[in-house]
Amino acid sequence: MNQLIQELECRHSTAIPIVYSLLSSCFFALTALTIKLVPNVAPTQVLYVRSLFTIMMLKWIAKDKIDSYPQKQINKLQWRGLCGGLGTVAWFWAVRLIQSSEVIVLSKISPLWTALIAAYITKTDKLTLKLLIIILLCIIGVILIARPPFLLMALGWTVDANREYDMHMLGVMLALTSSITQSIVQVIISHLAKSVHQIAILQYFSFYTIILPMLFELYNQSQLVFPTYQEWVFLLLNSASGGLAQFFMNRCFILGKLNKMSLVGQSQVLFSYFFDIVVLNESLNNLSIIGSVLVCGCLVSVIL
């Protein structure tokens, strides 16, 4: 079976990576959808089940192979796990609070944070005028998605500051937090990629995404809910879709060109809008749509 897949990948070296990227985008959007389908289960509990499932799968794949690394690499692995874990917790809660399509758009701006880190922290790149303009337009897109009171008043809309609006703003902030941590993780992984096995990186990440939800639940003193049979199906689907999304994403970047795969990866926004409209039957805000188009356009210009 593996040989047949490898032959297909060699024979269709251009089309297969694109298919992998589209599958990855679909499964990432499906992961967000399954969080919405279990409203009675806390997002941290959903993440805990998914991470436990991932740890068991990695244990089976690794076949008890344990690699040892210098202390310097261990520290980077710890930071990758911590930053990735915090960002994932924020992402799961953001999906619960606002539309998954909005979360995915906001989390997609991580390349811009990465560019800022490269320019001001690691000093590995320069901040150009073109990138500054793109960042400014992206900020405008984020504001349109967030819909703050000053924007609504400027447009002549009625501002109703209630708990639902507060939850929307909190969801936007969590999604932005997730994008920032994702950019930090990308920088750390770039330093680990050539010296640490990918399974080891995922193991540290999964460990923290088990520990952090547990600490959050203990601090919040919230009561855990035992899922129903239907909820267990969605939880397992969340775990499987998350794992498949990561697998196809890694595979498409290995086989395809980085810029092209990143561009095709923007299809995740389309999949999420499809699930929001068709499955969840949610109505879309016009400002959110305009903001999403603006942010995705900025990302495409960065990739190209």
Side-chain angles (χ1 to χ4, degrees), residues 23-61 81 84-107 163-164 166-168 170-172 174-175 177-178 202-203 205-249 268-284:
L23 287 173
S24 174
S25 297
C26 180
F27 282 119
F28 270 123
L30 184 60
T31 301
L33 172 65
T34 51
I35 300 174
K36 294 280 193 180
L37 295 177
V38 285
N40 297 324
V41 183
T44 44
Q45 192 173 345
V46 179
L47 178 58
Y48 178 83
V49 173
R50 170 184 162 176
S51 301
L52 197 60
F53 177 83
T54 303
I55 280 285
M56 291 188 294
M57 289 298 297
L58 290 175
K59 184 72 174 177
W60 175 74
I61 293 172
L86 289 172
T88 305
V89 171
W91 190 86
F92 268 62
W93 270 106
V95 170
R96 179 60 57 86
L97 295 174
I98 61 178
Q99 290 181 336
S100 56
S101 53
E102 294 177 336
V103 177
I104 289 174
V105 169
L106 293 174
S107 63
R163 187 175 185 275
E164 183 178 352
D166 292 339
M167 290 298 100
H168 175 82
L170 177 59
V172 170
L174 288 173
T177 301
S178 175
L202 288 175
Q203 284 174 332
F205 167 69
S206 300
F207 172 76
Y208 275 95
T209 51
I210 287 178
I211 298 299
L212 290 175
M214 292 174 60
L215 294 176
F216 179 86
E217 293 298 331
L218 288 173
Y219 175 79
N220 201 36
Q221 295 183 349
S222 58
Q223 186 177 0
L224 296 179
V225 177
F226 189 81
T228 63
Y229 289 114
Q230 184 180 14
E231 288 171 338
W232 271 117
V233 172
F234 290 137
L235 290 176
L236 293 176
L237 181 59
N238 177 276
S239 303
S241 61
L244 289 170
Q246 292 287 341
F247 170 79
F248 284 118
M249 181 186 69
Q268 185 178 341
V269 177
L270 299 178
F271 283 115
S272 62
Y273 270 117
F274 173 80
F275 287 142
D276 281 347
I277 297 172
V278 177
V279 180
L280 299 177
N281 197 26
E282 293 181 345
S283 58
L284 303 179

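For the numbers below, each heavy atom of this structure counts, side chains included, while hydrogens, waters and symmetry mates do not. Residue indices begin at 1 and follow the sequence shown. What you see is a predicted model; the values in this text were computed from it and never measured.
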Exercise for the section: Output, in order, the C-alpha distance, side-chain angles, deciding distance and verdict of side-chain hydrogen bond (donor to acceptor under 3.5 Å, both in side chains) for Thr31 and Ser241. Expected result: CA-CA 6 Å; Thr31 301; Ser241 61; 3.0 Å; yes

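- Atoms SG and CD, from Cys26 and Gln268 in turn, are 10.0 Å apart once rounded to the nearest 0.5 Å.
- In this structure, Val233 and Tyr229 have side chains that are not in contact, with every pair of non-hydrogen atoms separated by 4.5 Å or more.
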Practice task
List the steps, then state whether side chain to side chain contact (heavy atoms under 4.5 Å, CB included) holds for Phe274 with Leu270.
Solution key: CA-CA 6 Å; Phe274 173 80; Leu270 299 178; over 6 Å; no

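- Considering every non-hydrogen atom in both Tyr208 and Gly81, the closest pair reads CB-O, 3.2 Å.
- Nearest approach of Val41 to Arg96, heavy atoms of both residues: O-NH2, 2.9 Å.
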Could you tabulate the donor-acceptor pairs under 3.5 Å formed by side-chain atoms of residues 48-58, not counting sequence neighbours?
| unit_1 | atom_1 | unit_2 | atom_2 | d |
| --- | --- | --- | --- | --- |
| Ser51 | OG | Leu47 | O | 2.9 |
| Ser51 | OG | Thr209 | O | 3.3 |
| Ser51 | OG | Thr209 | OG1 | 2.7 |
| Thr54 | OG1 | Arg50 | O | 2.9 |

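- Annotation: side chain of Leu23 is not in contact with side chain of Phe28 (no heavy-atom distance under 4.5 Å).
- The shortest distance between side-chain heavy atoms of Asn238 and Phe92 falls below 4.5 Å.
- Between Trp93 and Phe216, the two ring planes are tilted [angle within 30° to 60°].
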Exercise for the section: Show the numbers, then the answer: is there a side chain to side chain contact (heavy atoms under 4.5 Å, CB included) between Leu37 and Leu33? Expected result: CA-CA 6 Å; Leu37 295 177; Leu33 172 65; 4.1 Å; yes

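- In this structure, CG on Leu30 lies 10.0 Å from CZ on Phe234, to the nearest 0.5 angstrom.
- Heavy atoms only, all atoms of each residue included: Leu174 and Ala94 are closest at CB-CB, 3.9 Å.
- Within the 4.5 Å cutoff, the side chain of Ile210 has heavy atoms near those of the Met214 side chain.
- With contacts defined as side-chain heavy-atom distances shorter than 4.5 Å, the pair Trp91/Thr177 does not qualify.
- With no hydrogens or angles considered, no side-chain donor-acceptor pair links Ser100 and Ser272 at under 3.5 Å.
- For the atom pair Leu86 CG and Leu212 CG, the distance stands at 5.0 Å (nearest 0.5 Å).
- Using a 4.5 Å heavy-atom cutoff, the side chains of Thr34 and Leu235 are not in contact.
- A distance of 10.5 Å separates CD of Gln45 from CG of Asn40, quoted to the nearest 0.5 Å.
- Without hydrogens or angle criteria, Ser178 side chain to Gly87 main chain gives a donor-acceptor distance under 3.5 Å.
- Under the 4.5 Å side-chain criterion, counting only non-hydrogen atoms from C-beta, Val95 is in contact with Lys36.
- The backbone N or O of Ser283 lies less than 3.5 Å from a partner atom in the side chain of Gln99, making a donor-acceptor pair.
- Contact annotation: the side chain of Glu231 approaches that of Thr228 to within less than 4.5 Å [non-hydrogen atoms, C-beta and beyond].
- Side-chain atoms of Ser101 and Asp276 include a donor-acceptor pair closer than 3.5 Å.
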